[in-house]
Every structure is written in structure tokens, then in C-alpha cells.
**Q** 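Structure below; questions to follow.
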Amino acid sequence: MWQERSALGVLLSLLVVARHCSSFAIGNLNPFTRLSLREQCEDRFPSSSIWADDIAEGHEAAAKVFDVMLNSNASTNACVWMPKMKSREAFRMLSGLVAILNDNTERLGGWTAALETWPKTPTTGIVLAKDADVIGSSQPINLGTVQQNNAVTATEIWVNNTLGRRGLCPYTASMTKAAIGLDSVGVSSGPVVVRHTCTISTSFCDGDSTCTPTGAVILGASFWNAVLELACRPETEVATFLLIAPPAYDENFEEFVATCDNLLERSCKAVATDNIIGKAWFHPTYNSSVVGQDSILPGHALPAEMVKEFVDRYYSDVDGLDLAAVSRANDAVRHTPHATVNLLRRSQLSASKEAEAASLSSNTKEGNQRRKGPNSIYAQNVVRLLSLQDYD
């Protein structure tokens with residue numbers, strides 16, 4: 001009897017310990033301090049803990065991190081706590097994001113990042129620290145409202161006149177009608193939304209003179225804010241975003257491309273956002289020879305040599321379509337009034353491929369396939385621009 005009671009007592013003790021340990025492991029309650037998970041986190045960073053228990057996806061984490069960098073002053077460090085980001089896949093995404101931020105420290109004005117995980121810390125968090133002595137390769141931005149409005153107006157005119165009237169995008173008729181012709185594959189049309197990225201800096205910093213985000217931080221914060229909107233707003237409210245980059249990028253194509261490729265594109269890959277969005281880079285002096293790619297790069301125009309093959313396939317009867325001419329026109333398709341990032345819905349890109357395949361099948365049956373086929377839009381745009389006297 002004594003031995004049975006003793007064994008029962010040991011078993012009950014083990015159950016109590018296991019319950020406490022389990023509670024601590026899942027981040028509900030520390031059995032020693034009796035503090036909630038949030039209180040434990042705030043104890044580690046008393047003045048700079050940011051509790052983000054609503055974040056459960058990689059793109060949400062990226063948006064929050066850039067939001068913190070945008071809004072913090074030069075002397076503030078912070079930790080963004082994300083208790084729902086505790087799976088192995090979440091750790092992989094956040095580790096990738098941290099590595100990319102650290103690769104771009106100078107571009108971001110001195111920001112560095114470190115990933116904290118349980119059991120070293122109460123739960124998952126990203127610690128952001130800023131070196132105030134780092135000026136950054138992209139200087140702080142101060143742009144007036146009139147300049148922002150002028151840039152937006154110029155871009156809206158470009159959408160209406162170049163994409164719409166010249167037909168360079170078969171799915172965009174005007175500012176109010178984008179993603180057209182995709183109803184048959186389940187995608188509704190909606191407006192193009194043009195937004196100046198400096199607007200987000202003005203609204204968030206709220207006149208704080210110590211809040212001096214670089215152009216890369218502003219562009220990144222605007223980019224991820226737009227990704228969040230595309231993820232939750234219906235197509236009828238916003239079909240696509242055109243984000244006008246801070247003005248310093250207008251005069252520096254190489255730095256614009258470096259920021260887009262090394263910061264935006266890489267962070268999208270890290271947090272698995274390509275199932276939500278597609279993206280394209282535009283610039284007043286877009287030049288494929290500067291990019292230097294000989295294969296398809298996300299966000300960029302196709303290599304001129306590849307487009308030349310499409311031109312030869314579909315327009316072999318048209319004179320003057322040598323590689324030099326094709327290259328100039330291929331770049332001109334990406335020329336916009338200002339450095340701009342185009343954010344598209346992945347659903348639209350998938351639907352457009354489906355619609356093109358259906359159109360190709362229909363045209364083939366009708367014997368009208370000479371100008372239609374896979375990738376014919378790239379050849380069509382080049383030929384259409386070359387036929388215009390003032391295309392560039």
C-alpha cells in the first residue's frame with residue numbers, strides 16, 4: 001500500500017511538472033515568474049518591445065519590420081515579438097529576411113537585425129538596431145506634397161496614354177480599368193492605384209525630426225504595405241499598384257535596380273510572397289545593358305536577344321527589326337516618368353496565362369495565329385513602339 005501511494009505521488013508530481021513545462025514551452029505562462037508571455041517579452045526590452053501577436057504570415061512579418069524601421073528615430077532599437085511565427089517554416093523565412101536586411105545595412109541607413117527564438121527568449125522576435133553613424137547609400141528624403149502630386153499625375157498620364165492608348169498592356173485600358181478581359185477566368189477588373197512612396201514617410205513620421213528613413217526604407221515600407229493591401233483588398237478596389245520611388249532613384253538607375261533586386265526581390269523570396277504578387281521595375285532610363293542579364297530575371301524586362309527571337313517568329317515580314325532596334329524598344333517599354341515599382345496580383349498573372357492559352361487555341365482553330373502565340377505580346381510591344389516616331 002505504501003509503495004502504491006508513493007508511486008502515485010511521483011506520478012502526480014511528474015504530471016504537474018510536465019504541465020508547467022508544457023505551458024512554458026508554448027509560451028502561455030512562465031511557471032517560475034508567473035508572468036504572461038507578453039510581460040516576459042516586455043521585460044527583456046522594456047522601452048522598445050513591439051507586440052505583434054496578429055502576425056502569422058511571412059509578408060506580414062516583413063511589412064511590420066519595415067514599418068518599425070520607417071517610424072523609429074535614430075537612437076531607437078526595438079524588438080518585434082511574433083508569437084505565432086514559431087514553426088520551422090516561419091523560422092526559415094524570418095532567418096532569410098534577417099540575412100537580407102543585414103546585407104543591406106548601409107542602404108537601410110544603418111539598420112541591422114537579429115532573430116531571437118525560444119528557449120533563448122520567451123518567443124520569436126526580430127531585434128532591430130540602428131547605427132546612427134551610418135549615413136547610408138540612400139539619403140533621407142524630404143519631398144513636398146506638390147512634388148508628390150506632380151509625380152503621381154505624370155504617372156497617371158503615362159498609364160492612360162502609353163499603356164492604354166498605345167496598347168502596351170493588353171489588360172490595361174486606363175487608370176480605372178485594369179485586369180480587363182479576364183472575367184472568363186474568374187478575375188474581375190479594377191483600378192490602377194498610383195501612390196508616391198514618400199507619402200508613407202510623411203504620414204508615419206509625423207514631423208519627428210529624428211525620424212530620417214532612407215529611400216530604401218521608404219520604398220520597402222511602401223512596397224510591403226501595398227502587398228498587405230493586395231492580400232486583403234478585393235480586385236475591384238485595386239487591381240494593381242504603381243509605387244513611385246523616392247526622387248533620388250530617378251537619377252540613379254543602378255541604385256534603384258540594386259535596391260529592387262537585392263532588397264525587395266530577395267525579401268519576397270525569403271518570406272514566400274510570390275504566391276500573392278508579381279512585380280516589375282520601371283525607370284526613366286531603364287537600360288537592359290546596365291542590368292546585364294542573359295536570362296529572365298524577376299522584375300526585369302526580358303533580355304533583348306530573347307525578344308528578338310519572338311519578333312523574328314511573329315514579324316519576320318517587317319523590315320528594320322534588327323537587334324539594336326529591338327533592344328531600344330524593349331527598354332522603352334519600361335520607361336516611366338519616375339522610378340516605379342509595379343505590384344501585380346499573382347491571380348491576375350495566372351489568369352492572363354490561362355486567357356492567352358485559350359485565345360491561342362481559338363485563333364489556331366480559326367486559322368488566324370500568325371501574330372498570336374506564346375510571348376507574342378513582347379514582340380507586339382516592340383513593333384508597335386518602333387512604328388511610332390516619338391516612342392522614346
**Q** Between the main-chain N or O of W111 and the side-chain N or O of T105, is there a donor-acceptor pair closer than 3.5 Å?
**A**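 It does hold such a pair.
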
**Q** Is there a path from V217 to L228 through hydrophobic residues (I, L, V, M, F, W, Y) whose side chains come within less than 4.5 Å of each other?
**A**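 In one cluster: no.
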
**Q** Please tell me whether T240 and N342 have a donor and an acceptor in their side chains that are separated by less than 3.5 angstrom.
**A**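 Yes.
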
**Q** Could you tell me which non-hydrogen atom of T123 sits nearest to which non-hydrogen atom of C41, and how far apart they are?
**A**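 Taking every non-hydrogen atom into account, CG2-SG, 3.6 Å.
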
**Q** I want to check something: taking the side chain as every heavy atom from C-beta on, are D331 and S288 in contact at a cut-off of under 4.5 Å?
**A**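 When only atoms from C-beta onward are counted, S288 and D331 do touch, with a gap below 4.5 Å.
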
**Q** Distance-only, no hydrogens or angles: does the S36 side chain make a donor-acceptor pair with backbone N or O of E39 under 3.5 Å?
**A**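 Side chain of S36 to backbone of E39, a donor-acceptor pair under 3.5 Å: yes, one is there.
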
**Q** How far apart are the closest heavy atoms of P284 and H338, and which atoms are they?
**A**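 That closest heavy-atom pairing would be CD-C, 3.7 Å.
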
**Q** Using only atom types and a distance under 3.5 Å, with no angle test, would you say the side chain of S316 pairs donor to acceptor with the backbone of R313?
**A**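 Not a single qualifying donor-acceptor pair exists.
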
**Q** Check L219, I218, L108 against F66 for a side-chain contact (heavy atoms from CB on, under 4.5 Å) and give me the one that passes.
**A**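 Option passing the side-chain contact (heavy atoms from CB on, under 4.5 Å) with F66: L108.
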
**Q** Mark yes when over 12 heavy atoms from residues, nucleotides or ligands other than K308 sit less than 6.0 Å from its NZ; otherwise mark no.
**A**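 Yes, because the 6.0 Å sphere around NZ of K308 holds more than 12 heavy atoms from other groups.
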
**Q** Nearest 0.5 angstrom please: T112 OG1 to N104 CG, how far?
**A**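 So the gap between those two atoms works out to 12.5 Å.
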
**Q** First locate atom CE of M93, then atom OG of S267, and finally report the distance between them rounded to the nearest 0.5 Å.
**A**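 Separation between the atoms: 12.5 Å.
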
**Q** Are I244 and V146 connected, step by step, through hydrophobic side chains (Ile, Leu, Val, Met, Phe, Trp, Tyr) whose heavy atoms are closer than 4.5 Å?
**A**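 No, separate clusters.
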
**Q** Should R92 and R88 count as side-chain neighbours, where that means a heavy-atom distance under 4.5 Å?
**A**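 They are not in contact (no side-chain heavy atoms under 4.5 Å apart), so the answer is no.
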
**Q** Before giving the answer on side chain to side chain contact (heavy atoms under 4.5 Å, CB included), spell out for D294 and E305 the whole-Å C-alpha distance, their side-chain angles and the decisive distance to 0.1 Å.
**A** CA-CA 8 Å; D294 56 7; E305 292 80 4; over 6 Å; no

**Q** Test your reading of the model: is there a side-chain donor-acceptor pair from R266 to the backbone of G96, 3.5 Å cut-off?
**A**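 Such a contact is absent between R266 side chain and G96 backbone.
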
**Q** Say whether N161 and R165, considering side chains only, have a donor N or O and an acceptor N or O under 3.5 Å apart.
**A**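 Short answer, yes.
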
**Q** Taking G144's backbone N and O only, do any of them form a donor-acceptor pair with Q147's side chain (distance below 3.5 Å, no angle check)?
**A**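 Yes.
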
**Q** Given the rule that I, L, V, M, F, W and Y join up when any side-chain heavy atoms are under 4.5 Å apart, are M85 and F91 in one cluster?
**A**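 No.
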
**Q** Does L323 offer a backbone N or O that forms a donor-acceptor pair with the side chain of S327 under 3.5 Å?
**A**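 No: the side chain of S327 does not pair with the backbone of L323.
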
**Q** Let me confirm one number: the CD1-CG distance from I377 to N381, rounded to the nearest 0.5 Å.
**A**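 Here the rounded value is 4.5 Å.
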
**Q** Would you mind reporting whether Q148 and T199 have side-chain heavy atoms less than 4.5 Å apart?
**A**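 Of all side-chain heavy-atom pairs linking Q148 with T199, at least one is under 4.5 Å.
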
**Q** Please name the pair of heavy atoms, one in N262 and one in I100, separated by the smallest distance, quoted to 0.1 Å.
**A**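 So the two residues come closest at O-CG2, 3.6 Å.
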
**Q** Taking all non-hydrogen atoms of both residues, which atom of L386 and which atom of A325 are closest, and how far apart?
**A**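 Heavy-atom minimum between the residues: CD2-O, 3.8 Å.
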
**Q** Does any N or O in the side chain of T124 come within less than 3.5 Å of the main-chain N or O of T117, such that one atom is a donor and the other an acceptor?
**A**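 No, T124 side chain to T117 backbone: no donor-acceptor pair under 3.5 Å.
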
**Q** Less than 3.5 Å apart, which donor and acceptor atoms pair up between the side chains of residues 56-63 and the rest of the protein, not counting sequence neighbours?
**A**
from: E60; atom 1: OE1; to: A56; atom 2: N; distance (Å): 2.8
from: E60; atom 1: OE1; to: E57; atom 2: N; distance (Å): 3.0

**Q** Could you go step by step and tell me if K130 and S72 meet the side chain to side chain contact (heavy atoms under 4.5 Å, CB included) rule?
**A** CA-CA 9 Å; K130 191 174 192 300; S72 298; over 6 Å; no

**Q** State, to 0.1 Å, how close S295 and P303 come at their nearest heavy-atom pair, and which atoms those are.
**A**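 So the minimum-distance heavy-atom pair works out to O-CG, 3.6 Å.
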
**Q** Can you check whether A301's main-chain N or O pairs, donor with acceptor, with Q293's side chain at less than 3.5 Å?
**A**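 Confirmed, Q293 side chain pairs with A301 backbone.
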
**Q** Taking D250 for its side chain and A339 for its backbone only, find out whether a donor-acceptor pair lies under 3.5 Å.
**A**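 Judged by distance alone, yes, a pair lies under 3.5 Å.
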
**Q** Could you walk me through whether W51 and L37 pass side chain to side chain contact (heavy atoms under 4.5 Å, CB included), step by step?
**A** CA-CA 10 Å; W51 187 247; L37 178 60; 3.8 Å; yes

**Q** Under the salt bridge (Lys or Arg N to Asp or Glu O under 4.0 Å) criterion, do K279 and D274 qualify, and how do the steps go?
**A** CA-CA 9 Å; K279 48 218 165 301; D274 284 339; 2.9 Å; yes

**Q** If we only count heavy atoms from C-beta on, is the L263 to F223 side-chain gap below 4.5 Å?
**A**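 With C-beta onward as the side chain, the pair stays apart.
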
**Q** Is any side-chain heavy atom of E229 closer than 4.5 Å to one of L343?
**A**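 L343 does not reach E229 side chain to side chain.
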
**Q** S49 and W81: side-chain donor and acceptor closer than 3.5 Å?
**A**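 There is such a pair between these side chains.
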
**Q** Can you tell me how far the OG1 atom of T340 sits from the NE2 atom of H196, to the nearest 0.5 Å?
**A**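 Going from OG1 on T340 over to NE2 on H196, the span is 8.5 Å.
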
**Q** With side chains defined as the heavy atoms from C-beta onward, is the minimum distance between W281 and V257 less than 4.5 Å?
**A**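 They are not in contact (no side-chain heavy atoms under 4.5 Å apart), so the answer is no.
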
**Q** Could you go through F256 and V341, starting from their C-alpha distance and side-chain angles, then the distance that decides it, and tell me whether this counts as side chain to side chain contact (heavy atoms under 4.5 Å, CB included)?
**A** CA-CA 10 Å; F256 174 67; V341 172; 4.1 Å; yes

**Q** How about CD on E251, more than 12 heavy atoms from neighbouring residues, nucleotides or ligands closer than 6.0 Å, or not?
**A**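 Atom CD in E251 is not crowded, with 12 or fewer foreign heavy atoms closer than 6.0 Å.
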
**Q** Shared ILVMFWY cluster between V333 and I157, side chains joined below 4.5 angstrom?
**A**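 V333 does not cluster with I157.
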
**Q** If we only count heavy atoms from C-beta on, is the R195 to F241 side-chain gap below 4.5 Å?
**A**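 Yes, at least one pair of side-chain atoms sits under 4.5 Å.
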
**Q** Can you tell me how far the CE atom of M82 sits from the CG atom of D54, to the nearest 0.5 Å?
**A**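 If I round to the nearest 0.5 Å, the distance is 10.5 Å.
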
**Q** Checking the side chain of R384 only, and the main-chain atoms of R166 only, is there a donor and an acceptor separated by less than 3.5 Å?
**A**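 Checked: pair present.
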
**Q** Which heavy atom of P246 sits nearest a heavy atom of T197, and at what distance?
**A**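 So the minimum-distance heavy-atom pair works out to CD-OG1, 3.1 Å.
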
**Q** Can you classify the ring geometry of W158 versus F282 as parallel (below 30°), tilted (30 to 60°) or perpendicular (above 60°)?
**A**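 Ring orientation, 0 to 90° scale: perpendicular.
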
**Q** Does H300 have any side-chain hydrogen bond (donor to acceptor under 3.5 Å, both in side chains) partners at least two apart in sequence or in another chain, and if so, which?
**A**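 Once residues adjacent in sequence are excluded, the partners of H300 under the side-chain hydrogen bond (donor to acceptor under 3.5 Å, both in side chains) criterion are D261, Y286.
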
**Q** Does the side chain of V383 reach to within under 4.5 Å of the side chain of Y314, using non-hydrogen atoms?
**A**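 No. Closest side-chain heavy atoms not under 4.5 Å.
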
**Q** Rounded at 0.5 Å granularity, tell me how far CD in E254 sits from NE2 in H283.
**A**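 The distance works out to 10.0 Å.
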
**Q** Assess whether a salt bridge exists between R38 and D53, defined as any Lys/Arg side-chain N lying under 4.0 Å from an Asp/Glu carboxylate O.
**A**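 No, R38 and D53 are not salt-bridged.
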
